[in-house]
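Following: one structure in structure tokens, then a few remarks.
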Amino acid sequence: MSLTGKTAIITGSNSGIGLGVARELAKAGANVVLNSFTDRDEDHALAEEISKETGTKARYIQADMSKGDECRALIEQSGACDILVNNAGIQHVAPIDQFPVDKWDAIIAINMNSAFHTTAAALPMMRQAGWGRVVNIASAHGLTASPFKAAYVAAKHGVVGMTKTVALETAQEPITCNAVCPGYVLTPLVEAQIPDTMKEYNMSREDVIKNVMLQRQPSKEFATVEQLGGTVQFLCSDAAAQITGTTISVDGGWTAL
Ligand code: NAD
């Protein structure tokens with residue numbers, strides 16, 4: 001389906017999955033709004049590059065997704081929001097009795113609360129436009145748990161719950177809300193977990209990748225940002241108009257175990 005003329009806002013999209021999703025949606029014709037908390041030349045350059053490559057309008061808007069007012073301001077400043085992809089996320093790995101309170105608060109704010117604020121601000125625009133898609137990038141950890149990831153697992157389960165509620169509140173409108181649950185995707189977020197996990201398990205990098213990360217991913221392959229972008233694009237298509245309030249796993253079989 002062509003997304004020409006649609007505006008897609010992707011939170012946390014100057015890297016990793018968010019950037020991959022933005023590229024795929026722009027290729028399908030959407031005008032994408034990239035976002036992160038930084039305001040560097042390279043952030044704006046990413047938007048220019050996407051515009052050049054796809055002939056669509058891409059913009060970068062700085063907003064810190066740990067702050068509710070900035071989440072809402074991102075949506076307002078974009079001027080339109082047909083597709084909202086709540087993707088911004090961070091991770092911290094520690095046993096719960098040693099979990100730093102500031103990390104807990106930041107993970108809950110960025111990975112879960114931001115989706116509340118952006119969705120609340122975006123739904124009136126979608127209603128006015130008569131069409132809308134909310135896609136929350138949750139995780140296999142929105143459906144299952146792992147040790148040392150209490151805040152992340154709590155936030156992602158929260159996002160999956162919120163997805164169902166938003167779907168029910170919009171069920172009789174041309175708006176859908178779904179969650180995509182990736183397994184491991186090799187992005188900067190995952191790369192950053194490798195040193196801590198090496199220490200935690202006293203393992204080499206290769207062993208962490210094979211025996212810890214991909215241990216639960218039966219395909220033994222990382223998912224790619226392009227595959228995640230394609231999944232989001234499908235959820236924006238007419239074929240997915242009756243898909244709402246559900247989760248789509250892109251996890252190489254992890255949650256089938
Ligand atoms: P990443 O670190 O490459 O991307 C995270 C993005 O969030 C970056 O663009 C970063 O700038 C942005 N971000 C962080 N804090 C922010 C803030 N305060 N305000 C605005 N933006 C902020 O990581 P990723 O792997 O691409 O993760 C993207 C999403 O996918 C996250 O929600 C993550 O939980 C989820 N996810 C990732 C994997 C994986 O294996 N990579 C698996 C399951 C779910």
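Whatever order the structure lists them in is the order used to number ligands and atoms, beginning at 1.
The local environment of CD in Gln172 is sparse, with at most 12 non-hydrogen atoms from other residues, nucleotides or ligands closer than 6.0 Å. Glu221 CD: 12 or fewer foreign heavy atoms inside a 6.0 Å radius.
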>> Quick one, Asp69 with His117, criterion side-chain hydrogen bond (donor to acceptor under 3.5 Å, both in side chains). Give me CA distance, side-chain angles, the key distance, then yes/no.
In response: CA-CA 8 Å; Asp69 55 345; His117 292 293; over 6 Å; no
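When the options Asn86, Thr119, Asn136 are evaluated for a side chain to side chain donor-acceptor pair (under 3.5 Å) with Thr163, the one that passes is Asn136.
Under the rule for a side chain to side chain donor-acceptor pair (under 3.5 Å), Lys57 has no partner lying at least two apart in sequence or in another chain.
At distances below 3.5 Å, at least one donor-acceptor pair connects side-chain atoms of Tyr60 with backbone N or O atoms of Ser36.
The residues lining ligand 1, counting any heavy atom closer than 4.0 Å, are Gly12, Ser13, Asn14, Ser15, Gly16, Ile17, Asn35, Ser36, Phe37, Ala63, Asp64, Met65, Ser66, Asn87, Ala88, Gly89, Ile90, Ile110, Ile137, Ala138, Ser139, Tyr152, Lys156, Pro182, Gly183, Tyr184, Val185, Thr187, Pro188, Leu189, Val190.
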